[in-house]
Amino acid sequence: MNATGPSASHVAGLIGRHLPMRREPGVVSRIDCAQVPVHRVVLHSREIDALIDTGEEPAQLARRLHESARQVVPELGNSRIAQTRVAHRPIPVDAFPSVGAVPSVPGYYEAVSHSGITLGPVIGRLLASEILSGKRDEMLADFRPERFVP
Ligand SMILES: Cc1cc2nc3c(=O)[nH]c(=O)nc-3n(C[C@H](O)[C@H](O)[C@H](O)COP(=O)(O)OP(=O)(O)OC[C@H]3O[C@@H](n4cnc5c(N)ncnc54)[C@H](O)[C@@H]3O)c2cc1C
């Protein structure tokens, strides 16, 4: 099962498969905040992501994120940035998930999606069923890995 997120293209390459992916890094900051019921909040903004390739330091990008969040949620005023990283989204080149078996490589499956948080449960259920039964579910028809050919 190739469910290696941003490394999926590299792992596919280990078996000679071509899985083209986009390059879309994102700044993700975690803040600690005692004042609101959620004690750890993850901040993210597409506008700030657009600054990654300008060379601005991640710490500075995190400060921008934090400032934006405080404008929207004043209760975050005394919160502090706990962790920041620039992460890569696992996005196949056409932006759709790549999910299911690859008929030319028996026993190899892919589960690669940018929407892994929202779609993870249904992808897991459909793939487990496909692996156990060998039957292909129509719900995955538009997301089949074989749409990528070298
Ligand atoms: C900036 C950003 C924005 C996002 N926005 C959204 C969103 O709007 N909606 C949403 O649903 N999701 C979102 N996500 C989540 C993300 O896009 C993925 O969908 C989610 O992380 C997928 O989880 P995964 O388990 O497939 O991969 P990952 O969480 O990346 O896990 C992959 C795992 O594979 C392991 N691995 C890598 N290489 C190897 C190897 N060679 N051998 C063994 N193990 C290996 C890694 O260590 C890791 O544990 C976002 C993520 C980021 C970074």
[X]-[Y] co-clustered via ILVMFWY side chain contacts under 4.5 Å:
| X | Y | result |
| --- | --- | --- |
| Val112 | Tyr109 | no |
| Ile81 | Val72 | yes |
| Phe143 | Val93 | no |

Practice problem: Carefully, step by step, assess Ile52 and Leu61 under the rule side-chain contact (heavy atoms from CB on, under 4.5 Å). | Solution: CA-CA 8 Å; Ile52 291 174; Leu61 297 174; 4.1 Å; yes
Quiz item: What are the two closest non-hydrogen atoms of Ser98 and Pro92, and how far apart are they?
Solution: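 For Ser98 versus Pro92, the nearest heavy atoms are N-CG, 4.0 Å.
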Exercise. Taking all non-hydrogen atoms of both residues into account, name the closest pair between Pro145 and Gly100 and its distance.
Key: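 In terms of heavy atoms, the two residues are closest at CG-O, 3.4 Å.
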With a 4.5 Å heavy-atom cut-off, do [X] and [Y] have their side chains touching?
| X | Y | result |
| --- | --- | --- |
| Val99 | Leu126 | no |
| Asp142 | Arg147 | no |
| Asn2 | Arg17 | no |
| Cys33 | Glu75 | no |

Salt bridge (Lys or Arg N to Asp or Glu O under 4.0 Å) pairs, two or more places apart, involving [range]:
| range | value |
| --- | --- |
| residues 98-108 | none |
| residues 113-122 | none |
| residues 112-124 | none |
| residues 131-140 | Arg136-Glu146 |

Tell me every residue that passes side chain to side chain contact (heavy atoms under 4.5 Å, CB included) with [X], counting only those two or more places apart in sequence or in another chain.
| X | value |
| --- | --- |
| Ser45 | Glu47, Ile48, Leu65 |
| Ala111 | Met1, Ala3, Ile123, Leu127 |
| Ala95 | Arg22, Ile91 |

Self-check item: Greater than 12 external heavy atoms within 6.0 Å of Phe96's CZ
Solution: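 Incorrect, the count does not exceed 12.
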By salt bridge (Lys or Arg N to Asp or Glu O under 4.0 Å), which residues pair with [X], not counting sequence neighbours?
| X | result |
| --- | --- |
| Asp53 | Arg23 |
| Arg70 | Glu67 |
| Arg85 | none |

List, one per line, each side-chain donor-acceptor pair under 3.5 Å for residues 6-15, sequence neighbours excluded.
from: Ser9; atom 1: OG; to: Leu19; atom 2: O; distance (Å): 2.8

Self-check item: side-chain hydrogen bond (donor to acceptor under 3.5 Å, both in side chains): pairs with one or both residues in residues 111-131, sequence neighbours excluded
Solution: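 Found Glu130-Arg144.
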Euclidean distance, [Y] [atom2] relative to [X] [atom1], rounded to 0.5 Å:
| X | Y | atom1 | atom2 | value |
| --- | --- | --- | --- | --- |
| Leu76 | His66 | CG | NE2 | 6.5 Å |
| Thr84 | Arg30 | OG1 | CZ | 10.5 Å |
| Asp32 | Gln83 | CG | CD | 9.5 Å |

Quiz item: Is the backbone of Glu24 close enough, under 3.5 Å, to the side chain of Arg89 for a donor and an acceptor to pair up by distance?
Solution: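 At least one qualifying donor-acceptor pair exists.
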